[in-house]
Amino acid sequence: MTTPAFEAVPEAPQIAEASLAEPGAWKRMPKKVWVGCGIVLLYLLVALLAPVIAPYDPLAIEPANRLASPDMAHLLGTDELGRDIFSRLLYAARVDIPIGFLGALLPAILGTMLGAIAGYFGRWVDTAIMRTADVVQAFPAYILVIVLVFALGQGAGSIILAFTVLAWVIYARIIRGEVLRVRDRDYVQAARVAGLRKMRILRVHVFPNVINQTLVYLPNDIVFATLALAAFSFLGLGIPPPTPEWGAMIAEGQPFLRTNWWFATVPGLVIVGLGLGLSLIGEGLEEGLRA
Amino acid sequence: MLFGIVLVVFLVLQITPGDPARQIAGLRASEADLEEVRQELGLNDPVIAQYGRYVGNLLQGDLGYSYKSRKPVADIIGDRISVTVWLLTTGVLMTLLISVPLGVVAALRKDRVADHAIRGFGLLGLSMPAFWTGVILLLLVALPTGWFPAGGFGDTFGEKLRAIFLPALTLAIGSSPFIIRGLRAAMISVMESDYISTARSVGVAGGRLVRRFVLRNAAGPGVTLLAIEIGYLLFGAVVIETTFALPGVGQGLVIAAQGRDLPSVQGYTLLFALVVVAVYLLSDVVTAMLDPRVEIDT
């Protein structure tokens, strides 16, 4: 039984037979992938250009104009300190997106490497890595993130570190299985007979044939990492104020739901949009690689 | 297993910055006062001795005292736990109510409009943060109708049910997509198997086929999925209790973490870990009951 990185996506991963390295592989991808890529690219662009697009400084307080309704000056109104919500949303992309991506990418890299090493070298290396994985997996992951962040102190670094410590396991498991499948294929044996060094065989002959699974999983994991980050900040345990962050903005807006409903809801829509884009890529890759 | 969890949680919390004695005695306490508190709590002892004492107390049901309220952590948890049990039970029931019919329909109408619609809903559900779903339900349902309290928990059965309805629905919306997806996949693979063809060929069809043959065989993976999801559900409880101001253990953990109340954080974490381990065990038992081919290995 495979338990996924963030205790979600419970489906057993399908084995992707087609390789992205094959010619024309990208052309066979379903349209979803491109729609998803478009959405994600838009978000990346916004994050990159936030200082140019944003009409105000996201931290500039304007007490005389607090909780203003949307108008031409403030597209989404202002928050309880009179800060421009629209500008804060844009700047938050520079917090949420890098942490979400890193929080998924680092465990993916770590897990893929450990899984490949465990699968290829076997014996005590395998035992050591997979036992560690068992122990990590026995914990309720999200709860342990709260404990780790509690222990390490709030902030981006702690959160990324906590994700990395916990989420590498799924990649290690999947890739180890894939490596075991590929390890005794003819071309790997041929490489071994030809006297190539182990690390080189692993890098050149094994790795490209097992990396697909990581790629299929990664977009979903970025969604989880982003949602988790937003959740922790919403709880007041993630990115400390006054840094703009989508989850924290929802928490800031909730008390004013009756009068300023857009304050708490729009940041959520922004998260959902990014999540949808990434999920589309994930689903599309899975379908395209299985075909 | 459980002892491993206790050990890891204990060690992780050892690296927590800050001086507990200062936290308890207050900012104006003198160095002598601090030393007294440290002695009292045994903070000057070696880490191993502290761990031994903690485990010893744990076995007697003593989780230590909260740095904030000075009350026993076990009592604080006891006061809060019923709310969370309510939330989780209602949430899981609602998850089943939503996901079983939708999963079955999606599998039976594979690649048709209904399937695509259900999978679209799933994709959306996966991308929605639970706390935001909660906020939306408050905005669209609780505020206009006035039927549901915007926070807190009631005393009578009816009040409790009313207070728990929207939070449980929030939980269900977040967890249904996984179950629908898994159930759909499990049913499709069961339907392609030989014994279903056999059952069809001897004239079993319609609802009877689905209930007796397909669903029964797909239920095992479904239960396993629900068990795997317990981690998500617990975290959901943490987030949703905070959103709806429900005084459960999830909210307790957040308050404890915000207040840097170490013994409480430790207590809550162990409770959650215990629940996860228990649920995994329980799911093995239930799977074995549903499918006589499965044996429990102990």
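None of these values were measured; they are calculated from a predicted model. First the proteins, then the strands, lettered A, B, ... as listed; each starts at 1.
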- Query: At a heavy-atom separation under 4.5 Å, does B/A256 approach chain A through its side chain, its backbone, both, or neither?
  - Reply: backbone
- Counting heavy-atom pairs under 4.5 angstrom with chain B, the leader among A/T226, A/L148, A/L269 is A/L269
- Below 4.5 Å from any heavy atom of chain A, which atoms of B/L139 appear? Answer side chain, backbone, both or neither. both
- Task: Identify the two heavy atoms, one from B/Q258 and one from A/L237, that lie closest to each other, and give their separation to 0.1 Å.
- Result: CG-CD2, 3.8 Å
- Looking only at non-hydrogen atoms, find the nearest pair between A/V272 and B/L124 and report the distance. CG1-CD1, 4.1 Å
- Message: Report which part of A/I250 has an atom under 4.5 Å of a heavy atom belonging to chain B: side chain, backbone, both, or neither.
- Response: side chain
- For chain B, which of A/L278, A/I271, A/V149 has the most heavy-atom pairs under 4.5 Å? A/I271
- Message: Could you report the tightest heavy-atom contact between B/S127 and A/G275, atom names first, then the distance?
- Response: OG-C, 3.4 Å
- Salt-bridge contact A/E287-B/R119 (side-chain N to carboxylate O under 4.0 Å): yes
- Spacing of B/T242 atom OG1 and A/Q254 atom CD [to the nearest 0.5 Å]: 9.5 Å
- Item | Under 4.5 Å from any heavy atom of chain B - which part of A/E283 | side chain
- Closest contact, heavy atoms only, A/V147 versus B/T269: CG2-OG1, 3.3 Å
- Message: Can you tell me which portion of B/V265 sits under 4.5 Å from chain A's heavy atoms? Options are side chain, backbone, both or neither.
- Response: side chain
- Message: Using 30° and 60° as the class boundaries, would you call the ring planes of A/F234 and B/F131 parallel, tilted or perpendicular?
- Response: parallel
- Query: Side chain, backbone, both or neither: which part of A/I146 has an atom under 4.5 Å from a heavy atom of chain B?
  - Reply: side chain
